[in-house]
S.K.: 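What follows is a structure written as structure tokens; I'll ask about it next.
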Amino acid sequence: MVVSEPRPKRETTSSEPQTTFTVSESGTDNPGTLHRRLLGPSIQKSGQDGVDQATVSEIIYQATQGSKYFEHQKRKEKDLTKKVESIVQQAKKVSHQDLEAAEVRIETLIRQHEATRDLTQTIVHVDCDAFYASVEELDHPELKSKPFAVGKGVLCTCNYEARKFGVRSAMAEFVAKKICPELVVLRLNFPKYIEKSNAIRKILFEYDPNHCAMTLDEAYLNITEYCAKVNKDREEVVSDMRRRILETTGVTVSAGIGPNSRVAKIASNINKPNGQFVIANDREAVMEFMCNLPVRKVTGVGYVLERQLLALNVNVCGDIYRKSALLYQLFTDTTITFLLNCYLGLGSTEVKPIDQYERKSVGCERTFRAISDVAQMKQKLQQIAEDLEKDCKRLNLAGRKLGLKLKRTTFEQISRQRPMPKPINSASDIYRYGLLMLEKELPITVRLIGLRLTDLVDLSHEGPMKTFLKGQRRQNYRLDDEAITSINFHAAFPESFEDSTNIHDDEEMGELNMMIQGSQEEVSSVIDDFRSSSKAIAARDITNAEEQQDSTANHSMQLSERDTLQLSTDSGETSSGVVACPICGNQVSADDQALNRHVDWCLSRAAIREAVKETF
DNA sequence: GCGGATCAC
DNA sequence: TATGGTGATCCGC
């Protein structure tokens with residue numbers, strides 16, 4: 001049924017008074033937007049309602065003024081203001097004919113997107129409220145009524161008492177203390193958060209065995225089947241689930257319910273904390289929900305894109321349609337497609353475990369007191385190379401490309417990338433090539449050095465089938481622009497944090513950096529037996545990777561092989577059943593790829609638990 | 001393909 | 001005194 005829905009009227013004029021932003025003269029500083037930039041990305045998060053943002057913003061401004069960081073932000077804000085002004089100028093030049101042509105194209109795009117709409121699934125986004133703070137409160141009940149935060153140097157998160165003062169995640173500790181002098185700041189305790197997260201996930205498994213845990217505090221579920229099975233209303237199901245999580249773990253969670261991941265994610269923020277919001281699986285309901293939603297609430301619209309959209313009088317998602325013809329002339333196809341999907345409230349309806357996504361890079365970076373001495377830089381580089389090697393070995397990966405990242409004392413970043421003669425993952429190789437790249441940038445003064453491997457080679461699967469399998473997985477798990485990104489399984493031990501720089505994490509802003517030092521050996525002996533397809537699991541060199549290079553040479557054969565074999569796996573593999581993971585005991589698909597991904601992931605968790613046991 | 005930027009968390 | 005780390009993607013050249 002194709003019913004033409006009432007839509008907001010589209011404007012076909014581009015010359016319209018710009019009221020949203022008072023633009024200062026070109027190239028000069030714009031104090032208003034700089035204040036806003038310095039406030040950070042989490043102003044629009046929950047718990048900031050009663051806060052006097054103007055006062056807070058002024059304190060931040062005064063506290064940070066004059067620092068290198070401040071100057072950097074000021075430069076960036078100036079550049080952005082210029083860019084925004086340039087877009088406004090371009091907008092004025094768009095002709096009526098251009099707009100009419102764009103309209104036709106837009107209608108086609110909308111029809112195409114509309115055809116993909118799937119309202120048959122119930123997707124839930126679960127988000128723990130101030131997760132780290134919430135976990136800490138369980139151990140320190142006396143803190144409940146006091147403003148406190150978790151972090152070191154920079155805050156990871158804070159409780160709602162602290163938010164009343166304007167304290168927020170990603171805020172520098174010294175700034176937060178100025179805003180709220182009585183603020184208590186706790187150090188991070190990752191093992192505790194991991195344990196709690198696992199307890200929560202244990203419940204999530206019952207509602208969706210294929211749920212996708214994005215981070216420790218956030219997950220997507222598809223509860224369509226569960227609702228049908230228990231014959232219960234989706235809201236009731238989610239409400240029960242949240243209650244159970246609270247009863248068994250003591251942590252409150254918020255949830256968003258909707259027909260796809262995009263709207264579910266947005267919805268989970270609406271009644272935060274400890275609430276839920278549902279969007280009916282109904283086209284009108286979705287459209288209405290999106291229509292009045294500020295564009296900044298959409299995942300993927302950050303500070304920069306918001307500034308550009310606001311300058312074009314696009315404030316809410318409904319404005320995207322009203323201004324679509326103009327936007328079409330000003331933004332790239334990718335951005336237009338993304339924005340139209342936002343307006344239509346379309347998104348992914350596929351939820352699958354995170355261990356089924358293919359990693360594309362692995363890296364390590366560190367901030368320290370500014371140095372210009374080469375010997376000191378070499379030392380940092382060596383440490384980073386060693387840490388990167390550990391991650392590579394743990395993940396059984398090597399990279400064909402090495403990237404070097406530097407940050408000047410001015411906060412300006414430099415990145416260099418180079419293909420390697422062979423896939424590398426040893427600290428000695430990483431260091432050697434990294435140093436060669438670094439030397440080209442000398443002399444330089446830096447506050448950060450980072451190394452990253454890309455074009456990864458999976459060493460878990462040896463032999464001639466390896467490339468084929470890799471290709472197949474890529475095909476099967478290919479994602480569209482609704483893709484859920486950021487797939488990480490890293491966690492960090494506080495003990496492994498070096499120097500006194502602000503290494504921290506954030507359940508809202510960051511993720512866990514898992515540096516498994518010991519205890520992997522014993523676990524991997526169990527795994528060795530389990531992984532039938534991997535004979536030489538602990539690849540200490542990369543001879544096999546070089547072997548694989550040879551196999552990729554025969555490209556055409558590889559392709560035809562893949563096409564043929566994929567058909568057979570599609571029909572046969574899924575019915576071959578599930579097995580129990582030897583580590584977590586959960587049911588896992590017997591599919592070799594999925595299995596190994598899962599084991600890699602579980603292994604990390606197991607290693608952490610071992611390490612925790614040792615610590616205590 | 002590279003380097004810079006943006007975004008999420 | 002003073003502002004993180006990991007990973008993904010897009011864009012312009």
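Quantities reported herein were computed from a predicted structural model and do not represent experimental measurements. So you know, we letter chains A, B, ... as the sequences are listed, proteins then strands, and number each from 1.
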S.K.: Counting only side-chain heavy atoms from C-beta out, which of dG7(C), dT6(C), dT3(C) sits nearest to C364(A)?
M.R.: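 Selected nucleotide: dT6(C).
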
S.K.: Counting C-beta onward and ignoring hydrogens, is there a side-chain heavy-atom pair between R408(A) and R447(A) closer than 4.5 Å?
M.R.: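 Not touching, per the 4.5 Å side-chain cut-off.
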
S.K.: Sticking with atom C1', work out how far dC7(B) lies from dG4(C), rounded to a whole angstrom.
M.R.: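 These two C1' atoms come out 15 Å apart once rounded.
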
S.K.: Can a side chain N or O of R366(A) be found less than 4.0 Å away from OP1 or OP2 on dG4(C)?
M.R.: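 Checking dG4(C) against R366(A), no side-chain N or O comes under 4.0 Å of OP1 or OP2.
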
S.K.: What's the CG-P distance between L456(A) and dT6(C), to the nearest Å?
M.R.: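 Whole-Å distance recorded here is 15 Å.
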
S.K.: With a 3.5 Å cut-off and no angle check, do the side chains of D129(A) and S254(A) form a donor-acceptor pair?
M.R.: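 There is such a pair between these side chains.
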
S.K.: So, using side-chain contact (heavy atoms from CB on, under 4.5 Å) as the criterion, who are the partners of P147(A) when residues are at least two apart?
M.R.: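 P147(A) satisfies side-chain contact (heavy atoms from CB on, under 4.5 Å) with E161(A), A162(A), F165(A), C180(A), E182(A), L183(A) only.
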
S.K.: So if I take every side-chain heavy atom of P419(A) and compare against dG7(C), dC2(B), dC7(B), which nucleotide ends up nearest?
M.R.: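 Selected nucleotide: dC2(B).
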
S.K.: Just how far, in rounded Å, is C1' of dC11(C) from CD of Q308(A)?
M.R.: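 Between C1' of dC11(C) and CD of Q308(A): 12 Å.
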
S.K.: Out of dG3(B), dT3(C), dC9(B), which has the shortest distance to the side chain of Q417(A)?
M.R.: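 In terms of side-chain proximity for Q417(A), the closest of dG3(B), dT3(C), dC9(B) is dG3(B).
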
S.K.: Quick one: which of dC2(B), dA8(C), dG4(B) gets closest to the side chain of K360(A)?
M.R.: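 Nearest to the side chain of K360(A) among the choices is dA8(C).
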
S.K.: Report the residues that fulfil salt bridge (charged side-chain N to carboxylate O under 4.0 Å, His left out) with R418(A), sequence neighbours left out, ordered by chain and then residue number.
M.R.: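 In terms of salt bridge (charged side-chain N to carboxylate O under 4.0 Å, His left out), with neighbours along the sequence ignored, R418(A) is linked to no residue.
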
S.K.: Please report, rounded to the nearest Å, how far the C1' atom of dA2(C) is from the CZ atom of R369(A).
M.R.: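 Checked: the CZ to C1' distance equals 14 Å.
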
S.K.: Picking from dG4(B), dT6(B), dT3(C), which would you name as closest to the side chain of R416(A)?
M.R.: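 Of the candidates, dG4(B) comes closest.
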
S.K.: Report the distance from atom CD of E412(A) to atom P of dG4(B), rounded to the nearest whole Å.
M.R.: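 E412(A) atom CD is separated from dG4(B) atom P by 8 Å.
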
S.K.: Given atom NZ of K380(A) and atom P of dG4(C), what is their separation to the nearest angstrom?
M.R.: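 So the NZ-P distance, K380(A) to dG4(C), works out to 14 Å.
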
S.K.: Does a side-chain N or O from K265(A) land closer than 4.0 Å to OP1 or OP2 of dC9(B), or not?
M.R.: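 So the side-chain polar atoms of K265(A) do come within 4.0 Å of the phosphate oxygens OP1 or OP2 of dC9(B), strictly under.
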
S.K.: Strictly below 4.0 Å, N to O, side chains only: are K192(A) and E136(A) in salt-bridge contact?
M.R.: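 Looking at E136(A) together with K192(A), the answer is yes, because their closest N to O distance falls below 4.0 Å.
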
S.K.: Does a side-chain N or O from T334(A) land closer than 4.0 Å to OP1 or OP2 of dC11(C), or not?
M.R.: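 Result: yes.
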
S.K.: Is D79(A) paired with K76(A) through a side-chain N to carboxylate O contact shorter than 4.0 Å?
M.R.: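 Salt bridge absent between K76(A) and D79(A).
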
S.K.: Write down the distance between CG (L305(A)) and C1' (dA8(B)), rounded to a whole number of angstrom.
M.R.: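 Rounded to the whole Å, the gap is 14 Å.
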
S.K.: Is there a donor in the side chain of T337(A) and an acceptor in the side chain of T334(A), or the other way round, less than 3.5 Å apart?
M.R.: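 Side chains of T337(A) and T334(A): no pair found under 3.5 Å.
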
S.K.: Between S361(A) and dA8(C), is there a side-chain N or O to OP1/OP2 distance below 4.0 Å?
M.R.: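 For dA8(C), OP1 or OP2 has a side-chain N or O of S361(A) closer than 4.0 Å.
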
S.K.: Ignoring backbone atoms, establish whether R447(A) has a side-chain N or O less than 4.0 Å from OP1 or OP2 of dG4(C).
M.R.: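 Checking dG4(C) against R447(A), a side-chain N or O does come within under 4.0 Å of OP1 or OP2.
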
S.K.: Specify the separation, in whole Å, of atom CG of L388(A) and atom C1' of dG5(C).
M.R.: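 Rounding to the nearest Å, CG of L388(A) and C1' of dG5(C) are 13 Å apart.
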
S.K.: D217(A) side chain: which of dT3(C), dG5(C), dC9(B) is closest?
M.R.: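 Between dT3(C), dG5(C), dC9(B), the one nearest the side chain of D217(A) would be dC9(B).
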
S.K.: Taking the minimum atom-to-atom distance to the side chain of T215(A), which one of dG12(C), dC9(B), dG4(C) wins?
M.R.: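 Nucleotide nearest to T215(A)'s side chain: dC9(B).
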
S.K.: Roughly how many Å is it from CZ in F190(A) to P in dT6(C), rounded to a whole number?
M.R.: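 In whole Å, dT6(C) P and F190(A) CZ are 11 Å from each other.
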
S.K.: Go nucleotide by nucleotide along DNA chain C from the 5' end; which of S67(A) and K405(A) gets its closest nucleotide reached first?
M.R.: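 Mapping each residue to its closest nucleotide by heavy atoms, the 5'-most match is S67(A).
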
S.K.: Given dT3(C), is OP1 or OP2 found less than 4.0 Å from the side-chain N or O atoms of K68(A)?
M.R.: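 Result: no.
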
S.K.: Would you classify Y303(A) as touching base, sugar-phosphate or nothing, given that sugar-phosphate means primed atoms plus P, OP1 and OP2, and contacts are heavy atoms under 4.0 Å?
M.R.: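 Counting heavy atoms under 4.0 Å across all strands, the contact made by Y303(A) is with sugar-phosphate only.
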
S.K.: At 4.0 Å (heavy atoms only), tell me whether T64(A) reaches a base, stays on the sugar-phosphate, or touches nothing.
M.R.: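 Contact class for T64(A): base.
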
S.K.: Using a heavy-atom cut-off of 4.0 Å across all strands, would you classify K177(A) as base, sugar-phosphate, or nothing?
M.R.: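 No contact.
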
S.K.: For the side chain of T367(A), counting heavy atoms from C-beta on, which of dC9(B), dC7(B), dG5(C) is nearest?
M.R.: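 Closest of the options to the side chain of T367(A): dG5(C).
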
S.K.: Among dT3(C), dG1(B), dG5(C), which is the nearest nucleotide to the side chain of K401(A)?
M.R.: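 Nearest to the side chain of K401(A) among the choices is dG1(B).
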
